[in-house]
Amino acid sequence: MATVELMGILREHAKAGPEQLGPAEGKTVADVIQALGLPADLVAFVMVNGRQRPKTYVIQSEDHVILIPLIGGG
Amino acid sequence: MLYGYGGNILRIDLTSGSVSTEPTDPKIAEKFLGGRGFGIYFLFTELPRGADPMGPDNLLIISPGPLSGTLVPGAGKLDITCKSPLTGGYAGANVGGLLTAEIKYAGYDSIILKGKAPKPVYIFVDNDKVEIRDASDLWGKGSLETEKILKDRLGEEFQIATIGPGGENGVKFACITHDFGRQAGRGGVGAVMGSKNVKAIAVRGNKSIPVADVQAFRKAARAMYKACKDSSGLQVWQRYGTAGVTTWSNEIGAFPTRNFSSGQLEGYENLSGEVMREKIVITDKGCFGCPSPCGKWSHVKKHGVRVEGPEYESTALLGGDCALTDIQDVAYANYLADDLGLDSISAGNVIAFAMECYERGILTDKDTGGIRLTFGNAEAVFAMLKKIAYREGIGAILAEGVKHASGVFGKGSEAFAIQAKGMEFSGYESHNAPSMLLSYMTCDVGAHHNRSWAITYDIQTGRDAVTPDKAARVIYLQHVRPLFDALGACRLQWVELGLDLNLYVPTIAALTGLDRSWDDLLKISERIWNLTRLFWFREVPGFGRAWDMPPARFYKEPVVSGPTKGKVMALEDVERLLDMYYEQRGWDANGWPTPQKLEELGLSEFAAAV
């Protein structure tokens, strides 16, 4: 089963927890961000199994998705 | 005993060839910390008023900070300050790598160069042994080759900073390069070094840094390392470095594209951190004491070179702003900028500006020497970098920066010369980001993101909103971020890994023996900020509010494509933002610090000199 993890301030901004989402398989990362009630632009990095992916990425079975915000900048 | 410091100021007069040292003044250390604080203190108190930035009177002040070379994570930052030939005001550039620790271990808190050597030289520092050595055989060589030659000649343990042909030829945005790909990039510090006939600086040191309470310091510093290691951000930052930002920047319409006319480049996916990692990156490369090495060492097979990077900023300006979509072309342009000794941010900007002039018919093939200077033409970017470095043809005009070039080209090009105070914008398109635009407008070196990076604040609070809290956020960041440049440490452990700022307080106290709160440290940073402001007023005739305004593109020309298409700020909103900022800073309507503010910061005596 795919899992979704939120980092930093995304936990505060999310209107629902990842555990309330239901299965994430087959959804895009953008769908998941929307379902969590997160402002998409706050999600700077999408890491899937240790690799950066675009928000159009379709989540596969057994994927571990981490959503990471960017606050301080470069 | 001055705990946490090298203990000495090293002065080198290149005209006379004299070398002297003096003890670091504890009162100055307490009031200005070190790094960029020492830089502006010495610049303000010792530079003759109105000195020509390219003349012998200018000073090149090279300063580690109290944290440099210590156990603190990211203790590898060095400040280089001078009067800027690009802007005519204050320049404070920052470089990572290993040099700052070596200078500290040699026993120095600032190295101050003045005068001009009669022939090309390099500075040799081996602890107390300081010599001005002949560099005739190095003059004309690239930055990277020069560093390699000196490493071979002196030994691997010497840490070296060099200039390339850009610095030798007085390109106003020439940089100083160190560790084969780290730059003190902005404001033309390399041009000032070149104007003094100094090709390189080589330093070795093996002394100790005195620590007030060794046990407490070790405990506090280890807690910081542990927090870095435990950070959820470590995996993404270490794998991609700043290049990880490229995808997000495009998604939100903040990627400078075609001379800041858009915030999203078609084909940006080809420049992403993941593509870069897969196609060109060989290994990670970090600075002194770094737990999260963001540098990437890359092999660019298409062009047969190796380069550190490209970092996000180089990708944004040499890539997006010039509309290049092949990561290998961007990496090669980065390599050329490094070896030629040019700031990749300003260089990308001036080329993008020239491309827009060419596409609008303001420049012709006759002006460009036959180069088809169209957006997306990688060969044209490579050719222009060389023309700029050697001041050939149109390169001689572009070498003066985009503000000067727009004055020469005319025909309305001033509106899309993307600069503030004469310095080209770094990598965030800010039509629809008031906090970020204000950050660029009010940055104390010109339009640079390092002092305040506020675009996520715009996202959190509404990108169209023009409210007092945005000015407050910019001011807060302008005190926190540059504080790291005074301390001589990297801010990215805080910025990227979320390291708690409160962890710095006991660490700094144990190091220096001075019990200061975070607010006390921020007050020092505010003092430094206001002193740089006074320097601008002293050195730039007529300086004031107009110097804090952005080019008209940001309030007259809507974004042409991407997620922010159609967005533009109203001029009155830009003015309103600036009013809020001045008021909250305690400055008057022309941006002068009020007497009360100067009194509060202990700067009244400095103001008397303006």
Side-chain angles (χ1 to χ4, degrees), chain A residues 1-21 24 27-74, chain B residues 231-237 239-254 268-269 272-278 294 311-313 316 426-428 433 436 439 449-450 452-460 462-463 477 480-481 491-499 501 563:
Chain A
M1 191 179 95
T3 52
V4 177
E5 190 178 352
L6 305 184
M7 292 296 175
I9 60 155
L10 296 182
R11 295 187 193 118
E12 299 158 25
H13 282 266
K15 294 186 172 62
E19 68 284 352
Q20 298 168 267
L21 274 183
K27 294 177 181 168
T28 66
V29 174
D31 291 337
V32 169
I33 291 170
Q34 190 177 18
L36 292 169
L38 282 170
D41 289 350
L42 263 191
V43 181
F45 304 113
V46 176
M47 294 292 281
V48 181
N49 308 328
R51 297 285 181 273
Q52 191 178 16
R53 299 294 181 205
K55 288 170 187 157
T56 51
Y57 176 83
V58 178
I59 298 169
Q60 309 293 309
S61 175
E62 306 305 318
D63 277 350
H64 181 54
V65 181
I66 309 176
L67 305 181
I68 303 169
L70 183 59
I71 292 305
Chain B
S231 167
S232 58
L234 187 60
Q235 64 165 305
V236 65
W237 284 108
R239 181 167 171 80
Y240 302 108
T242 58
V245 176
T246 304
T247 297
W248 171 80
S249 179
N250 276 279
E251 286 173 350
I252 66 164
Y268 72 83
E269 297 86 352
S272 73
E274 187 61 38
V275 167
M276 176 176 151
R277 186 90 208 183
E278 286 175 357
C294 69
E311 291 196 64
Y312 170 76
E313 292 292 333
S426 58
Y428 294 91
M436 195 65 230
S439 301
H449 66 285
N450 72 331
S452 166
W453 188 91
I455 195 163
T456 46
Y457 191 75
D458 288 312
I459 291 169
Q460 289 182 82
R463 290 181 69 167
L477 290 170
V480 177
R481 292 166 66 98
R491 65 176 180 271
L492 295 187
Q493 283 69 44
W494 161 57
V495 167
E496 297 176 348
L497 305 184
L499 186 60
L501 290 172

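Sequence lines set the chain letters: A, B, ... in the order given, protein chains first and strands last, and positions in each chain run from 1.
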request  = Using non-hydrogen atoms and a 4.5 Å limit, figure out which bit of R463(B) sits close to chain A: side chain, backbone, both or neither.
outcome  = side chain
query = Are any of the side-chain nitrogens in E496(B) or R491(B) under 4.0 Å away from the carboxylate oxygens of its partner?
reply = no
ask   = If you count heavy-atom pairs under 4.5 Å between each of T247(B), V480(B), I455(B), V236(B) and chain A, which one has the most?
value = V236(B)
Result of checking V65(A), I33(A), V32(A) against K27(A) for side chain to side chain contact (heavy atoms under 4.5 Å, CB included) = V32(A)
ask   = Looking at CG of D63(A) and CZ of R53(A), how far apart are the two atoms once the value is rounded to the nearest 0.5 Å?
value = 8.5 Å
ask   = Top residue by heavy-atom pair count (under 4.5 Å) with chain B, among R51(A), M47(A), K55(A)?
value = R51(A)
ask   = Any idea which of P39(A), G50(A), A40(A), P54(A) has the most non-hydrogen atom pairs under 4.5 angstrom with chain B?
value = G50(A)
query = Looking at CD1 of I68(A) and CH2 of W248(B), how far apart are the two atoms once the value is rounded to the nearest 0.5 Å?
reply = 13.5 Å
key: Part of Y240(B) within contact of chain A (heavy atom distance under 4.5 Å)   = side chain
key: Of V43(A), I66(A), L67(A), the residue whose pairing with M7(A) passes side chain to side chain contact (heavy atoms under 4.5 Å, CB included)   = I66(A)
Residue part contacting chain B, namely of V46(A), when any heavy atom lies under 4.5 Å = neither
